[in-house]
2 protein chains.
Amino acid sequence: MPRKSSPVNIDPRVKRTRRLLRDALVSLILKKDFASITIREITERAEVAYITFYRHYESLDQLLMEVLDEGLAELMTHIETLAKQSDTSALETEGRLIFEYIEQKADLFRILLKSQSVTRVRRKVVRNISTVFQKSCVPLERLGNQTTIEIASNHIATSLLSLIEWWLENNMKPTPTEMGKVYKSMIIDSTVGAVSSLSAMKK
Amino acid sequence: MPRKSSPVNIDPRVKRTRRLLRDALVSLILKKDFASITIREITERAEVAYITFYRHYESLDQLLMEVLDEGLAELMTHIETLAKQSDTSALETEGRLIFEYIEQKADLFRILLKSQSVTRVRRKVVRNISTVFQKSCVPLERLGNQTTIEIASNHIATSLLSLIEWWLENNMKPTPTEMGKVYKSMIIDSTVGAVSSLSAMKK
DNA sequence: TCCTTTTTGTTATACTGTGTAACAGTATGT
DNA sequence: ACATACTGTTACACAGTATAACAAAAAGGA
């Protein structure tokens, strides 16, 4: 394995090889079923020697993770900044902004959802989104006990992912504006309402 | 392939072989990662010749589908009968009954959710639950246009699956009664409310 | 019970993909 | 220009898939 842990100096050849492998995987995921992708196929498309793959990654999953982590980090910071502006006026446009963002990077999200074949990836994504909402969504913090908050944030995260998945499968048919309204009323408002009614039952 | 299409007479040897293979797969899924299960491993555990697998199934996925279809059919009829009694008094206990049912057959559902690694299986499950709610949930039919109904039923199906998944991962910690309340308020009531508010915006 | 049919077991084989190794060639930074 | 680090070529061992031929065993009807 090349020295990726070295502080600043990264050999340009290493950068190039890794980029070629990532790009090759991305282009293959967009065309084929993920399960049928072979390492040899990736290296051929990347125009790189077969063994070079193993000089940089231990497994196909590791390469996939690296690809997704890049894109996921973007989505997370995007959602996070949106979730912090949790006054009602911002929520009006929050949903629209999310779906406009996804529209821009549709390819990346198709990969992210196709690669749900790897369960761990989906779990990781859900957990990330869940903690973001758990920490930064003010109404959830005020209402409800710990368990209810956990369920609610998990519910928001999985619902958002499923809604995105549905939207992509329907070729992004309803506009981002309409999807934003659906997101606000069906996911955010509904969940906040449910949490408050659930915590009211306990008292 | 043995004659499985013959009307009534199914060779007892065929029945036995298929049962042994299904049971072997189930016991392996409960112990190992699905991706690491090999056909040879299944046949060894089933105490059956390797080639016998291919005399009954074309692929590992096909056997998995058969196993899941059995269990899924049960869940579907269970949910379906519950969804038909959609008066509010029945909804009170509907959620509880679902989670009590899952508690009974926890092993099966762990398989069903572990095997989500195969994306097609998850899609199939979601689609089934979705159409059940779309057809039999009265409030959804009355309110909203076609697209909204599709989104809503998809939302209910995926949310229910995610809630079940969360519950199983937390070792079924909150009681079925509590989960039933969560189900009713966070999934059913919330979605119905969202659909009505969304269709009100359009008019 | 005998006999035909069907299923199963045994063994062998072609094929594909993974992962490792040795050695030669090439690019990088100083 | 030079030592260092990366890449390419070739070869190989290994595991799992999928198929085929033939022998053995079980099922069901006469």
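This is a predicted model, so every value here is computed, not measured. Throughout, a chain's letter reflects where its sequence line sits, starting with A, and its residues are numbered from 1.
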Rounded to whole Å, how long is the line connecting atom [atom1] of [X] with atom [atom2] of [N]?
X	N	atom1	atom2	answer
B:I39	D:dA15	CD1	P	17 Å
B:E44	D:dA15	CD	P	13 Å
B:D61	D:dT17	CG	P	12 Å
A:I42	C:dG19	CD1	C1'	15 Å
A:E58	C:dT20	CD	C1'	14 Å
A:F53	D:dC6	CZ	P	17 Å
A:Y54	D:dT9	OH	C1'	17 Å
B:Y57	C:dT7	OH	P	14 Å

Name the pairs: protein N/O against N/O of nucleotides 8-12 of chain C, kept only if under 3.5 Å.
| from | atom 1 | to | atom 2 | distance (Å) |
| --- | --- | --- | --- | --- |
| C:dT8 | OP1 | B:R13 | O | 3.0 |
| C:dT8 | OP1 | B:T17 | OG1 | 2.4 |
| C:dT8 | OP2 | B:H56 | NE2 | 2.8 |
| C:dG9 | OP2 | B:A49 | N | 2.9 |
| C:dG9 | OP2 | B:T52 | OG1 | 2.8 |
| C:dG9 | N7 | B:R55 | NH1 | 3.1 |
| C:dG9 | O6 | B:R55 | NH2 | 2.7 |

- Pairwise side-chain contact, A:L64 with A:I29, heavy-atom cut-off 4.5 Å (strictly under):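 Result yes, sub-4.5 Å side-chain heavy-atom pair found.
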- Between CG on residue B:L198 and NZ on residue A:K181, distance to nearest 0.5 Å: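 Answer rounded to 0.5 Å: 9.0 Å.
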- Task: Measure the spacing between OG of B:S159 and CD of B:E165 and express it to the nearest 0.5 Å.
- Result: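 Between atom OG of B:S159 and atom CD of B:E165 there are 12.0 Å.
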- Task: Indicate the atoms forming the closest heavy-atom contact of B:P176 with B:E103, along with that distance.
- Result: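 Reported closest heavy-atom pair: CG-OE1, 3.5 Å.
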- Looking only at heavy atoms, what is the nearest atom pair of B:N154 and B:S130, with distance?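 Where B:N154 meets B:S130 most closely, the heavy atoms are N-OG, 3.6 Å.
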- Task: Carefully, step by step, assess B:T52 and B:T43 under the rule side chain to side chain contact (heavy atoms under 4.5 Å, CB included).
- Result: CA-CA 8 Å; B:T52 302; B:T43 55; 5.9 Å; no
- Message: A cation-pi test, strictly: NZ or CZ of A:R40 under 6.0 Å from the centre of the six-membered ring of A:F53 and no more than 45 degrees from its axis. Yes or no?
- Response: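 Here A:R40 fails the 6.0 Å and 45° test against A:F53.
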- For the helix from C:dT1-D:dA30 to C:dT30-D:dA1, figure out the bend between the end axes, five pairs an end, and round to 10 degrees.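 Inter-axis angle at the ends, rounded: 30°.
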- Could you please spell out the steps behind the side chain to side chain contact (heavy atoms under 4.5 Å, CB included) verdict for B:L60 and B:I42? CA-CA 10 Å; B:L60 189 59; B:I42 294 171; 3.2 Å; yes
- Could you check A:F99 against A:E178 for side chain to side chain contact (heavy atoms under 4.5 Å, CB included), going step by step and ending with a plain yes or no? CA-CA 9 Å; A:F99 283 90; A:E178 287 178 286; over 6 Å; no
